[in-house]
Amino acid sequence: MNKKVVIIGAGPAGMAAAGRLQDLGIDVVLIEKQDKLGGHLNKYYKVFPDFTDASEIINNLQVNLGKTRILTQTTVTKIKGSAPHFTVITSTGEQIEASAILVATGFKHFDASLKEEYGYGIYDNCINAIELDAMLKAGKVTTRTGKSPKKVGIIHCVGSRDEKVNNNYCSRVCCTNAVKIGIEIKEQNPDCDIYCLYMDIRVFGRGYEELYRTSQEDFGVQFIRGRLSEAAEKNDGSLLLRLEDTLTAKPMRLTVDLLVLMVGMEGNSELADVAGLTIGCDRFYATFHPQYANNHSTQTGIFLAGTATGPKAIMESITDGRSAAAEIASFFTKIASKSSINGKYVIPITVSVN
Ligand SMILES: Cc1cc2nc3c(=O)[nH]c(=O)nc-3n(C[C@H](O)[C@H](O)[C@H](O)COP(=O)(O)OP(=O)(O)OC[C@H]3O[C@@H](n4cnc5c(N)ncnc54)[C@H](O)[C@@H]3O)c2cc1C
């Protein structure tokens with residue numbers, strides 16, 4: 001059997017999987033629809049929890065790609081056949097034979113303009129977390145008129161844990177990202193007051209709680225358990241925030257020069273029809289089993305990795321990509337030995353072993 005894997009999506013998960021499969025001597029074709037590798041990391045500056053430069057992570061994953069064939073500005077329009085004899089047809093018309101496919105197509109950022117009451121896309125000084133990262137990278141956190149802000153409001157959970165936008169899940173990274181952003185703004189603008197408005201603080205990973213403490217003890221970032229009801233623009237371009245302090249159950253008003261919305265993640269299910277994938281109720285791809293077959297899709301021979309199956313931090317996405325690579329290698333071993341493909345994992349469709 002020709003062991004070749006087509007990986008769709010070259011974010012951290014897809015790149016990490018490609019590197020591991022190369023190490024295992026398995027041929028990989030990595031298909032990416034953008035013009036460069038790295039996924040959402042291309043839009044970030046320094047990432048939590050340790051302020052590693054996002055470009056360093058991309059470079060590190062890229063050097064492990066070895067002989068991987070990389071097709072950028074390409075996507076997949078059709079998948080024919082079944083495991084282990086797939087034919088993947090690309091948007092450029094190429095037909096690639098593959099014995100397994102890994103879908104690592106990541107997530108989409110929540111569109112903050114859907115939360116109209118916050119004023120994104122309406123008020124000049126209401127921006128999202130990615131736009132703020134670009135300002136931090138340029139070393140210039142300013143209002144639209146170029147002034148250094150004296151007060152910055154950071155709103156957690158924008159588009160997450162919110163029934164109104166049909167996203168009931170937690171995006172898992174926004175609280176720690178808000179903490180990181182608060183510290184970075186303070187480092188660049190020490191006189192600026194930072195107010196984080198949160199629902200609950202969810203800093204779950206190694207080093208995250210410590211970062212949360214550091215932001216308060218060493219940088220004076222202030223955390224208010226508050227629910228923003230609306231933002232309104234004043235004549236000078238600053239924004240009046242009307243909120244409820246949910247600890248005291250009292251209404252509050254706060255004026256800020258810059259409002260940063262911590263947009264969460266949404267599922268990217270654009271390949272659902274092409275690959276015959278099942279979409280979960282959270283609109284990320286469903287895995288075959290959430291406990292013991294979390295890199296398997298509901299289609300035999302088509303695997304899943306990274307944020308394609310739900311919100312994850314970078315390190316988790318990389319680890320998940322490598323886990324998927326191990327699952328694919330094990331799948332090939334089982335096919336080669338014509339042994340119990342249905343043994344350890346209950347795979348719904350019998351693999352044809354020729
Ligand atoms: C605002 C924000 C800030 C964050 N900051 C941090 C941080 O500081 N630290 C941290 O640990 N985590 C952070 N994260 C999480 C981090 O972004 C993800 O963990 C990581 O990007 C997931 O990698 P991925 O490979 O699964 O997906 P992605 O990064 O989304 O990459 C997927 C790739 O697939 C490609 N693709 C999509 N569809 C197709 C298709 N049909 N055909 C071909 N290619 C396709 C995309 O172009 C992209 O290159 C943040 C998340 C958000 C929302």
Side-chain angles (χ1 to χ4, degrees), residues 6-18 29-54 57-58 61 70-77 79 88 90-92 101-110 112 127-134 136 154 156-160 171-181 183-184 203-208 211 260-275 277 284-285 304-322 324:
V6 165
I7 299 180
I8 313 169
M15 291 175 82
V29 180
L30 183 56
I31 297 180
E32 167 56 49
K33 74 173 171 187
Q34 300 297 332
D35 58 359
K36 54 184 169 190
L37 312 187
H40 282 96
L41 267 59
N42 284 301
K43 300 176 198 141
Y44 306 154
Y45 176 36
K46 295 192 172 162
V47 298
F48 71 74
D50 59 346
F51 300 92
T52 300
D53 201 306
I57 303 174
I58 299 174
L61 293 170
I70 298 168
L71 306 176
T72 53
Q73 293 180 292
T74 307
T75 186
V76 170
T77 54
I79 296 172
V88 175
T90 70
S91 52
T92 55
I101 295 167
L102 174 62
V103 175
T105 46
F107 69 97
K108 296 184 289 186
H109 285 117
F110 174 73
I127 61 173
N128 68 26
I130 303 108
E131 289 159 340
L132 196 270
D133 242 33
L136 287 165
I154 301 178
H156 295 218
C157 299
V158 176
S160 309
S171 284
R172 298 178 80 241
V173 297
C174 314
C175 285
T176 320
N177 196 30
V179 167
K180 181 213 72 155
I181 280 175
I183 292 175
E184 288 173 304
V203 284
F204 60 91
R206 190 177 188 189
Y208 296 10
L211 197 68
V260 185
L261 305 180
M262 302 309 300
V263 286
M265 302 192 199
E266 289 197 325
N268 169 17
S269 53
E270 65 191 53
L271 288 182
D273 289 342
V274 169
L277 298 173
F284 290 87
Y285 290 127
L304 299 162
T307 49
T309 61
K312 291 176 187 68
I314 297 166
M315 183 268 280
E316 295 172 311
S317 305
I318 291 174
T319 306
D320 200 49
R322 291 176 179 155

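What you are looking at is a predicted structure, and each value in this text was computed from that prediction instead of being measured. Just so you know, ligand 1 is whichever comes first in the structure, and atom 1 is the first atom listed for that ligand.
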Enquirer: Of the choices His40, Gln73, Glu32, which has the non-hydrogen atom that lies closest to atom 47 (O) of ligand 1?
Expert: Glu32
Enquirer: Considering Asn268, Leu304, Asp133 one by one, which has a heavy atom nearer to atom 38 (N) of ligand 1 than any of the others?
Expert: Asn268
Enquirer: Give me the nearest non-hydrogen protein atom to atom 11 (O) of ligand 1 as residue plus atom name, then the distance to 0.1 Å.
Expert: Ile314 N, 2.8 Å
Enquirer: Backbone or side chain, does any N or O of Thr75 fall under 3.5 Å from an N or O of ligand 1?
Expert: yes
Enquirer: Give the single entry among Pro12, Gly11, Gly38 that approaches atom 23 (O) of ligand 1 most closely by any heavy atom.
Expert: Pro12
Enquirer: Where's the contact between Leu41 and ligand 1, heavy-atom distance under 4.0 Å: side chain, backbone, both or neither?
Expert: side chain
Enquirer: Under 4.0 angstrom from ligand 1, any heavy atom of Asp320?
Expert: no
Enquirer: Identify the heavy atoms of Tyr285 and Leu271 that sit nearest to each other, and give their distance.
Expert: OH-N, 3.0 Å
Enquirer: Looking at Phe48 and Lys180, what are the two nearest heavy atoms and their distance?
Expert: N-CD, 3.5 Å
Enquirer: Select the closest option to atom 21 (O) of ligand 1 among Phe107, Phe48, Phe51, judged by heavy-atom distance.
Expert: Phe107
Enquirer: Answer yes or no: does an N/O atom from Ala13 fall short of 3.5 Å to an N/O atom of ligand 1?
Expert: yes
Enquirer: To check your reading of the model: name the closest protein heavy atom to atom 3 (C) of ligand 1, its residue, and the distance in Å.
Expert: Asn177 ND2, 3.2 Å
Enquirer: Considering only protein heavy atoms, which is closest to atom 37 (C) of ligand 1, and at what distance to one decimal place?
Expert: Thr105 O, 3.2 Å
Enquirer: Say whether Tyr208, considering both its backbone and side-chain N or O atoms, lies within less than 3.5 Å of an N or O atom on ligand 1.
Expert: no
Enquirer: How far is atom 45 (C) of ligand 1 from the closest protein heavy atom, and which atom is that?
Expert: Lys33 CG, 3.8 Å
Enquirer: Are any of the heavy atoms in Ile31 under 4.0 Å away from ligand 1?
Expert: yes
Enquirer: Which is it for Asn128 and Glu131 under the side chain to side chain contact (heavy atoms under 4.5 Å, CB included) test, yes or no, and what are the steps along the way?
Expert: CA-CA 5 Å; Asn128 68 26; Glu131 289 159 340; 3.4 Å; yes
Enquirer: Any nitrogen or oxygen of Tyr44 lying under 3.5 Å from a nitrogen or oxygen in ligand 1? Just yes or no.
Expert: yes
Enquirer: At a non-hydrogen distance cut-off of under 4.0 Å, which region of Lys312 contacts ligand 1 (side chain, backbone, both, or neither)?
Expert: backbone
